[in-house]
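Here, residue 1 is the first one in the sequence, and each next residue gets the next number.
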Amino acid sequence: MKAVVIHDDEALVKNDVPVATYIPEGHMLIKTVAVAMNTSEWKHIDLKLAKNGAIMGCDVVGQVILMGSPTLSEFARRKSDPNATGEDAIEPQSFKVGDYVYAFVHGSSNKNPQNGALAEYVVVDSATTYLASTKWTSVENTIDTIPVGPVASLEAAVSLPVSLTTAGGILFHDFPNKLVWEPAQPQNDFPLLVWGGATGVGLLLIQLAKRTHAYTKIITVASKQHEKMLKTFGADEVFDYHDADVVDQIRAKYPNIQHLIDAVSEQSTIRQVYKCASETLPVTIMQLVFLTIEDIEPQDRRDNVKIISTLIYSVTGDEVPIGGFTFPPNPIYRRDVRRFVNFIAPHIQEGGIYNMPVKITRQGLDNAPELIDMLRKGQVRGEKLVSVL
């Protein structure tokens with residue numbers, strides 16, 4: 001098959017990559033329809049996080065052509081209990097050959113380098129796979145962009161998995177909130193701050209927090225040019241990161257923020273996010289890379305604030321070797337993310353989650369290296385790049 005692999009510090013399109021011959025239980029082989037690009041692609045290359053030959057890519061949509069051995073997960077077994085309530089009563093998804101699905105895949109993996117989303121055939125894990133609506137079809141050659149709105153096509157759906165799965169893990173495992181749709185009362189009696197609201201993860205965090213009424217308010221920091229879109233997605237107030245006094249503005253109006261998410265996750269942003277946190281209440285700050293308290297200036301550090309991280313690749317349930325580190329298995333994270341995926345998939349089908357703006361290309365995998373380089377150079381803002389095979 002054709003696939004995009006890491007080769008000597010660059011993304012390379014190859015035509016002779018073996019198609020998977022073994023599909024583990026709980027997994028499926030899909031024929032790719034479209035893929036979406038992410039910053040993780042170029043970061044794996046530039047930071048030398050993966051091996052030569054590893055297939056790249058994390059976002060894929062396609063049609064199921066082969067099922068792995070059938071399995072009844074612990075989650076599904078507990079669902080079969082007629083007395084199950086709450087999160088245990090969430091209906092598991094059911095997949096079959098012929099279904100269209102969109103999924104998060106651990107591309108550029110050191111443990112399974114033979115599998116990634118930027119390929120003509122991809123093995124997907126049911127724990128991180130979303131069933132597409134039978135009403136969705138491919139836009140084919142009809143349009144080149146998809147505006148903000150309820151997901152209504154396969155190309156719109158493929159813009160979601162990495163950002164959506166990451167956001168779900170943060171809100172419903174790390175913090176954690178309950179998987180309830182539009183409850184009357186807020187789950188937490190304080191606001192949420194999302195720094196980088198116009199990023200892919202930021203937009204999904206805002207939507208999920210709004211739809212599950214997880215906080216009294218959703219505050220976000222982004223460019224003011226994105227304010228209309230952010231409020232469409234559920235933000236209550238948008239602060240402009242260009243303002244020199246943006247931190248002072250937030251602190252003056254919202255002195256009691258206890259949950260903060262840095263969706264940009266650079267040293268400069270984590271320092272600003274840290275200063276927005278409540279000075280007296282217990283605070284948790286989520287960042288998406290490897291920032292720690294050591295990245296906060298010593299005079300600003302406070303005992304009531306902790307900085308945590310998330311690693312979406314832990315959803316495999318296996319140990320995760322990445323760069324020079326090996327992260328241990330995290331079965332609880334896998335369980336919680338699986339619950340979230342099963343909870344949110346039908347709501348997406350019903351129009352409850354919006355896609356961000358999507359820009360479509362039709363060169364298949366051939367122009368993937370060019371698209372990855374565009375992301376590396378910061379030439380893509382406020383939209384998702386999707387390539388149709």
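- Side chains of I45 and M56 form a contact here, defined as non-hydrogen atoms less than 4.5 Å apart.
- When only modelled atom types and interatomic distance are considered, Q63 and D99 share no side-chain donor-acceptor pair under 3.5 Å.
- Under the 4.5 Å side-chain heavy-atom criterion for grouping Ile, Leu, Val, Met, Phe, Trp and Tyr, V151 is connected to V358 within one hydrophobic cluster.
- Counting non-hydrogen atoms of other residues, nucleotides and ligands closer than 6.0 Å to NZ of K178 gives a total of 12 or fewer.
- For the atom pair CG of D125 and CZ of F104, the computed distance is 9.5 Å after rounding to the nearest 0.5 Å.
- In this structure, M37 and M374 have side chains that are not in contact, with every pair of non-hydrogen atoms separated by 4.5 Å or more.
- Taking CG of D174 as the reference point, atom CD1 of I308 lies at 4.5 Å (rounded to 0.5 Å).
- Checked by atom type, the side-chain pair E41/S108 shows no donor-acceptor distance below 3.5 Å.
- Ring geometry for F239 versus Y254: interplanar angle over 60°, hence perpendicular rather than tilted (30 to 60°).
- Remark: E25 CD to M67 CE distance equals 11.5 Å, nearest 0.5 Å.
- Using modelled atom types and a 3.5 Å distance limit, the side chains of D262 and T269 yield a donor-acceptor pair.
- A ring pair (Phe, Tyr, Trp, His ring centres under 6.0 Å) check over residues 345-365, counting only residues at least two apart or in different chains, returns the pairs W181-H347, F343-H347.
- Applying the side-chain contact (heavy atoms from CB on, under 4.5 Å) criterion to I332, with sequence neighbours excluded, gives H173, N330, R335, D336.
- Closest heavy-atom contact between L230 and A222: CD1-CB, 3.6 Å.
- Heavy atoms of other residues, nucleotides or ligands lying less than 6.0 angstrom from CD of Q185 number 12 at most.
- The structure places CD of Q187 at 11.5 Å from CG of L192, a figure rounded to the nearest 0.5 Å.
- In this view, T32 and V35, V60, V122, L389 satisfy the side-chain contact (heavy atoms from CB on, under 4.5 Å) rule, not counting sequence neighbours.
- Clustering of Ile, Leu, Val, Met, Phe, Trp and Tyr by side-chain heavy atoms under 4.5 Å joins M1 with V5, L12, V17, V19, I23, L29, I55, I65, L66, Y121, V123.
- Contact check for I219 versus V194: no side-chain heavy atoms found under the 4.5 Å cut-off.
- Among residues two or more places apart in sequence or in another chain, the side-chain contact (heavy atoms from CB on, under 4.5 Å) test is passed with K48 by D9.
- A donor atom on one side chain and an acceptor atom on the other are found under 3.5 Å apart for Y130 and T165.
- Residues meeting the side-chain contact (heavy atoms from CB on, under 4.5 Å) test with S40, sequence neighbours left out: N38, H44, C58, Y313.
- In summary, the side chains of Y215 and D189 do not present any donor paired with an acceptor at a separation below 3.5 Å, with no hydrogens or angles considered.
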